[in-house]
Amino acid sequence: MTALSMAQAINTALADALDEDDRVVVFGEDVGALGGVFRVTEGLTARFGESRCFDTPLAESGIVGMAVGMAMNGLRPVVEMQFDAFAYPAFEQIAGHVAKMRNRTRGAITLPMVIRIPYAGGIGGVEHHCDSSEAYYAHTPGLTVAAPATAADAYSMLREAVELPDPVIFLEPKRLYWSRQEVAPRARTRPFGEAAVRRAGRDATLIAYGPSVPVALEAAEAAAAEGRDLEVVDLRTIVPFDDATVTASVMKTGRAVVVAEAQGFAGVASEIAARVGERCFHALEAPVRRVTGLDIPYPPPKLEHHHLPNVDRVLDAVAALQWEDA
Amino acid sequence: MVVKPGSELLPTARPIQLIDENGDRATRPRSGGHTLPPADALLAAYRALVVGRRFDQQASSLVKQGRLAVYPSSHGQEASEVGAVLALRPTDWLFPTYRDSVALVTRGIDPVEVLTLLRGDWHCGYDPAAHRTAPQCTPLATQAPHAVGVGYAARAKGEDTVVLAFLGDGATSEGDFHEALNFAAVFRAPVVFFVQNNQYAISVPLDRQTAAPSLAHKAVGYGVPGVGVDGNDVAAVLAVVGRAAERARAGEGPTLIEAHTYRIEAHTNADDATRYRADGEVAAWLRRDPVERLTAHLRRTGALDDAGIAAVADEAERHAADLRDRLPAQTPPDPAELFAHVYAAPTPQLREQAARLAAEEN
Ligand SMILES: Cc1ncc(C[n+]2csc(CCOP(=O)(O)OP(=O)(O)O)c2C)c(N)n1
Ligand SMILES: [Mg+2]
C-alpha cells in the first residue's frame, strides 16, 4: 500500500482505466503536456499517447458534445472541465443531451461517459473557481452525481464511473486533492449508491459528502471531547442517494445535522433534510438542521472562511438539537 | 443568388507593422496603408508602456511576497494592452479579461483598485460605470456579447461610443466569441474585438486552437473585416485600433483585430511554462520586445533622449513605490458586504444570515 493524494489516486484510476479498456479516452483543456492544472492527468499522454489523452480547443460545450457522440459510437470518454464554473458553457449539452439520451431513445442509446469537475472552494481561489455546483446536476434526472471524500474512494469511484453504462458527473473536491491516504493497488471500496459510515456514534448523525466530510469528522472529534458521540455518514454519491444508510443511522441516533459547503437554499442539503424528515419523523428528537454555505455568490478569497461550514458552526447546530441534558 | 466575394474582409498576408523589430519604420506592404502616429502620440504610448511594464513587474513581485493571491502577467504584451486603450476615447467602453491589468492602468484606473480582485478583497475594485471599463472577465469570451450589448445600447441612445472587447487566442474557440461576432455584425454594433494572440492558452498552443489560416480570418465568415497586426508594435496597434474605432463610430460596424504577440511569463505565477514550451522560443520573442523597439525608434527620430528616458523611468518607479506603499494600508473587506450586494433589497434569509454572522463575529 502506498499513501496517495486524492489527485494521485484519480491519476492512477485514469491510468488503470486507460490501461484496461481501449475504449477509454481522456480529453479536455490542458490535460495533455501540462498534465492538468491540478496535475491529475500528469503523464497520461506520455504513457498512452496523444490518441488516448489529449488537449482540445478551448470550448466546454464542444468537449462535452463531442464526448456524447463518442459515447454513442463505442468509446468511453472521460472529460475534464477545468473548474466548476467553467463547466457552465457545457450545461446545454449536459442538461439537454447527456442526461436525457437514454430516456429519449427508450434505452437504445446510452452514454457511458464521465465529466470530471474539480469543484468547490476552500483554496483561496478568485471568482468562478470555487462554485459548489452539485445541485444543478443532482436536480437533473438522468445524471449520476458522485463526490468522493477520500483518496481510496476517489480511485474506486472513478473506476466505477468509467465502467457504468450511464453518464457520471464526477465532482472532485479541490481542497482535498492534496489529502493523503493509503490506497491499495486497484482496490475497490464499495459500489455507487452506498454511503459509508465514517465514524460510528450514538447521539446524533452528521450527514456530509465531498469537501464537507473532513469538516464533519473534525466536528465529531471535537464533540466527543465534550461528551457527545456523533456518527458521520459520507454519502459518496448524491445520485443515487442512499436513503437506507442515512435512515438507519438517524433512526438509531434520533438527531441529524446535514453539512454541505454549497449555498443552502434549494440545495442538496435541503433534499437530504427533507428525506430524513419524511422517513425518520417519529424517531427524531429535534428538527433536522443544515450547516451550509451562505446564500451568496462565492466570496472573494479573504472572506471565504465566513462562508464555509466549520467545526464551530457544526457544533452549534448539534447543540441546538434539543438535548435533555441541556 | 450571388455570393459576395468578401475578399476585402480578409487580413493582409503579414500582420500590419509600422515600426519593425529594430525600431525602423516599416513601409508598404507591411504598413497596410496606415500612417505612423504623430510623435506626441508615440511618446504618450512610450510612457504608458514603461509605466505598464513596471506595474506588471511590481505585481509579479507582490505575488512572490504573498501579497496577491495570483497574477496573470502581460509582460511582452504591453504594446497591445497600451495601444488598444490609447486608441480609444475615455468615453469609449472596455471589456477586459484577467490578463489585461496593464490596459486598466493605462486607462487611468488606480492600480490599487486594479489589484483588488487579485488581492482577494473583492471581485472588482473599481467603479466600472465611472471608468467605462467592465469588471475583468474570467469565464472566457463571455464578456464579448456584453460588449455588443453595450454598443447596441449606446447607438440606441444616439451616442457615438465605441466598445472594445479584449480576448485571448484560446477564447476564440468558445461559442460566445462566435455569437458575439455574429450579433455585432448583424446589428452593426460599434465593437472592436481585440484578440491578443499570445500563442498559448495556458499550455495549449495556437495550432490546437484553430486550423484557420489566422484568427483574423475568422471574421470573414461573419461579414466582418479581419485585421492582423504586430501586437508588439504599439504604433501599429494604435493605428489599426484607431481605424477600427473610427469605422465603428461612423456606423460601419465591428472589426476583428488579431494582435500577434507573446506571453513572456507563465500563464500565472501558479503555472510552470517549462512543461510545455522551450526556452529558445521565449528568447526569440524577447528580441521583439515592444518597449525596446519603440525606444530605439524614438531615439533615432530624436523624440527621446537619455534625459527623457530617465524621466519616464523615474515616473514608473514612483508609481510602483506608491502602489507598494498604499497596498498594505487597504482596509480588509467587511464581511457584512457579503450580503449587501446580492439583491437590491436583501431577502429575509440573507438578513437572517447576516445577523447570524455578525453575532458570530462578536
Ligand atoms: C469558460 C472558461 N473555460 C476555462 C477557463 C480556464 N482558463 C483560464 S485562462 C485559460 C486560457 C485562456 O487562454 P487565452 O484565451 O489564450 O488567454 P491568455 O490567458 O493567453 O491571455 C483557461 C483555459 C476559463 N477561465 N473560462
Ligand atoms: Mg493566449
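Chain naming here is simple, since letters A, B, ... match the order of the sequence lines and numbering starts at 1 in each.
When the shell of 6.0 Å around CZ of A:F54 is examined, it contains more than 12 heavy atoms from other residues, nucleotides or ligands. Counting heavy-atom neighbours within 6.0 Å of A:H306 NE2, excluding the residue itself, gives a total above 12. For CD of A:E50, the number of neighbouring non-hydrogen atoms (other residues, nucleotides, ligands) closer than 6.0 Å is greater than 12. The environment of CG in B:D279 is sparse: at most 12 heavy-atom neighbours from other residues, nucleotides or ligands sit within 6.0 Å. Atom CZ of A:R175 has more than 12 neighbouring heavy atoms from other residues, nucleotides or ligands inside a 6.0 Å radius.
In terms of heavy-atom pairs under 4.5 angstrom with chain B, the leader among A:D55, A:T56, A:D312 is A:D55. For chain B, the option among A:L294, A:D316, A:V126 with the highest count of heavy-atom pairs below 4.5 Å is A:L294.
Judged purely by atom type and a 3.5 angstrom limit, B:Q353 uses its side chain to pair as donor or acceptor with the backbone of A:D295.
The contact between B:R119 and chain A is made by backbone and side chain atoms together, counting heavy-atom distances below 4.5 Å. Both the backbone and the side chain of B:L338 come within less than 4.5 Å of a heavy atom of chain A. Proximity to chain B is limited to the side chain of A:E42, based on heavy atoms less than 4.5 angstrom apart. Of the two parts of B:E352, neither the backbone nor the side chain holds a non-hydrogen atom closer than 4.5 Å to a non-hydrogen atom of chain A. Proximity to chain A involves both the backbone and the side chain of B:L117, based on heavy atoms less than 4.5 angstrom apart.
To the nearest 0.5 angstrom, B:T347 atom OG1 is 7.5 Å from A:F265 atom CZ. The CD atom of B:E360 lies 6.5 Å from the CG atom of A:N310; values are rounded to the nearest 0.5 Å. From B:Y276, atom OH reaches atom CG of A:D30 across 8.0 Å, with rounding to the nearest 0.5 Å.
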What's the verdict on side-chain contact (heavy atoms from CB on, under 4.5 Å) for A:Q82 and B:I202, showing C-alpha distance, side-chain angles and the deciding distance? CA-CA 11 Å; A:Q82 199 162 81; B:I202 309 187; 3.5 Å; yes
Run the numbers on A:H129 and B:T138 for side-chain contact (heavy atoms from CB on, under 4.5 Å), then give the verdict. CA-CA 9 Å; A:H129 290 79; B:T138 299; 3.6 Å; yes
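In terms of heavy atoms, B:D272 sits closest to A:R39 at CB-NH2, 4.1 Å. For A:P89 against B:E174, the heavy-atom pair with the smallest separation is CB-OE1, 4.2 Å.
No side-chain heavy atom of B:V204 sits less than 4.5 Å from a side-chain heavy atom of A:L58.
Within residues 297-304 of chain A, the residues approaching chain B closer than 4.5 Å by heavy atoms are, in numerical order, A:P297, A:Y298, A:P299, A:P300, A:P301, A:K302, A:L303.
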